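A short worksheet on the structure shown next.
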Amino acid sequence: MCQTTDHKTVRRVRDLLTLSAESQTVTARGWVRTKRDSKHLVFFELNDGSCLSNVQVVFENPTPEAAADLARVQTGASVVVSGTLEPSPARGQKTEIHGTALTVVGEAPADVYPLQKKRHSFEYLREIAHLRPRTNTFGAIARVRNQLSFAIHRFFQERNFLYVHTPIITASDAEGAGEMFRVTTLPPDAPPKSEFGDVDFSGDFFGRPAYLTVSGQLNAEIYACALDRVYTFGPTFRAENSNTTRHLAEFWMIEPEVAFCDIHCNMDLAEDFLRYLLSDLLQNCSEDMEFFNQRIQPGLLDTLRVVVDSAFHRISYTQAIEALTSSGRDFEFPVSWGADLQSEHEKFLTEEVYRGPVIVTDYPREIKAFYMKLNDDGRTVRAMDVLVPRLGEIIGGSEREADLSTLERRIEECGLNRDDYWWYLDLRRFGSVPHAGFGLGFERLVQYATGMQNIRDVIPFPRAVRSAEF
Ligand code: 4AD
Ligand code: MG
């Protein structure tokens with residue numbers, strides 16, 4: 001049993017706020033958000049992370065002993081309080097605690113505790129990531145992440161997908177883009193060299209070059225080609241030098257992979273998945289979502305409700321290029337068939353042309369990964385990106401190349417070494433099936449769902465270019 005409280009008798013703030021106040025005795029604990037004194041009354045707001053709201057605690061005519069303890073209660077202090085739950089006369093809350101006993105567990109001296117003001121800038125809060133979960137916004141984000149994670153597993157489990165744990169350390173580049181962090185135990189100052197002067201990895205921990213994974217897809221494909229439908233949900237790492245509001249060096253990705261599935265069933269799955277997650281969030285995190293709607297992104301709830309209720313637009317890359325060129329808009333990055341869509345183009349398509357999520361398919365083969373199925377035209381691949389307003393790409397996926405010789409050709413075309421992918425090619429050699437999948441960036445989803453502007457504010461401890469504290 002905890003020294004300060006008996007777990008069984010403590011009530012969470014979320015429950016206290018919905019209980020009927022029949023003068024029952026309750027104990028609560030948490031961190032003090034604000035405190036006010038008047039002549040015979042001391043009020044403080046207590047939050048324990050169970051919900052956005054605080055419970056108000058009132059001490060009326062405290063005994064000298066209680067008054068001495070109350071004097072030590074400041075913003076940020078941790079306390080355990082007991083009292084009776086009573087109807088609250090104050091607006092916006094049903095109940096409050098009339099305190100009878102108080103333990104100050106940990107003080108937070110006002111002259112040094114950094115979270116004094118009601119609103120700090122997100123930039124400042126990033127510098128104190130160890131304290132920011134104590135704010136309304138970051139508490140709400142933590143609950144949204146939790147709700148979405150749970151819903152992600154529920155969505156797949158209800159549809160008979162198996163959760164596969166794909167590795168974090170890998171020897172292959174799943175995207176073929178060369179943006180990987182190396183994993184090594186060789187001494188950085190004097191690694192062993194081969195006779196040609198390059199680093200000799202044969203004496204390294206794995207006896208070969210190894211990296212942090214950029215995607216679990218290739219491993220998920222192995223399991224989909226045996227168990228039919230699987231998904232992975234884990235951390236992925238990208239050493240791309242993108243210092244933007246939508247890129248992290250470490251982010252979480254959800255990657256389903258389905259055998260006997262083409263690009264159309266893949267698009268249906270992606271669309272059902274996103275709509276399911278947003279709908280679940282609106283239903284089960286309504287207080288937090290209302291907060292984001294009021295404080296972070298006005299109109300957020302209406303937009304998300306429309307997304308939940310309507311089908312996504314589906315267009316080809318070629319149609320997207322036509323829509324962009326015929327718009328007459330002056331883009332920073334020029335638009336031409338063959339060039340990748342930039343974030344400004346994705347935003348224009350979703351915000352101005354289609355006013356909602358758009359799935360873009362059949363991109364030029366030169367700008368997409370080696371594993372995507374080549375179309376009959378020989379120029380495009382069966383890629384599908386889901387784009388959303390405010391953010392651009394939220395999902396990237398494709399039907400996979402299931403034909404052995406085409407895949408071998410594509411690997412070489414992309415400048416990769418066929419021998420490194422021998423096991424991946426075996427999947428096409430033995431019992432090959434059409435299959436497809438996609439990756440949803442978890443933090444992009446949280447950004448989209450909450451309206452938060454910077455991706456560094458929707459993950460507890462962001463890792464990005466030149467930033468990895470805490
Ligand atoms: O489009 P990407 O690179 O696709 C893949 O990794 C495939 N292997 C997925 C698959 O088919 N199984 O990444 C997928 C998604 C993007 O759409 C984006 O949401 C997110 O991952 N993402 C990032 N999120 C945060 N920071 C980054 N640096 C990201 N890079 C990709
Ligand atoms: Mg992509």
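Because the structure is predicted, anything quoted here is derived from the model rather than measured. First listed ligand is number 1; within each ligand, the first listed atom is number 1.
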Check the pair Asn136 / Arg33 against side chain to side chain donor-acceptor pair (under 3.5 Å), numbers first and verdict last.
CA-CA 10 Å; Asn136 282 339; Arg33 284 292 175 83; 2.8 Å; yes

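- With Tyr276 as the aromatic partner, Arg159 meets the cation-pi criteria of under 6.0 angstrom to the ring centre and within 45 degrees of the ring axis.
- Ring geometry, Phe273 versus Phe156: the interplanar angle falls from 30° to 60°, so the pair is classed tilted.
- Around ligand 1, the residues contributing at least one heavy atom under 4.0 Å from the ligand are Glu175, Ser215, Gln217, Arg238, Glu240, Arg246, His247, Leu248, Phe251, Met253, Glu255, Tyr371, Glu393, Ile394, Ile395, Gly396, Gly397, Arg400, Gly437, Phe438, Gly439, Gly441, Arg444, Ile455.
- Among residue pairs with one or both ends in residues 269-293, those qualifying as salt bridge (Lys or Arg N to Asp or Glu O under 4.0 Å) are Arg143-Asp288, Arg154-Asp280, Glu271-Arg275, Glu271-Arg314; sequence neighbours excluded.
- Geometrically, Arg379 engages Trp337 in a cation-pi contact defined by less than 6.0 Å to the ring centre and at most 45° from the axis.
- Phe331 and His345 have perpendicular rings, their planes meeting at more than 60° on a 0 to 90° scale where under 30° would count as parallel.
- Tyr424 carries Arg428 over the face of its six-membered ring, with the cationic atom under 6.0 Å from the centre and within 45° of the normal.
- In this view, Phe470 and His130 satisfy the ring pair (Phe, Tyr, Trp, His ring centres under 6.0 Å) rule, not counting sequence neighbours.
- Applying the 6.0 Å contact sphere to CG of Asp189 captures more than 12 heavy atoms from other residues, nucleotides or ligands.
- Excluding waters, the set of protein N/O/S atoms under 2.8 Å from the Mg ion (ligand 2) reads Glu393 OE2.
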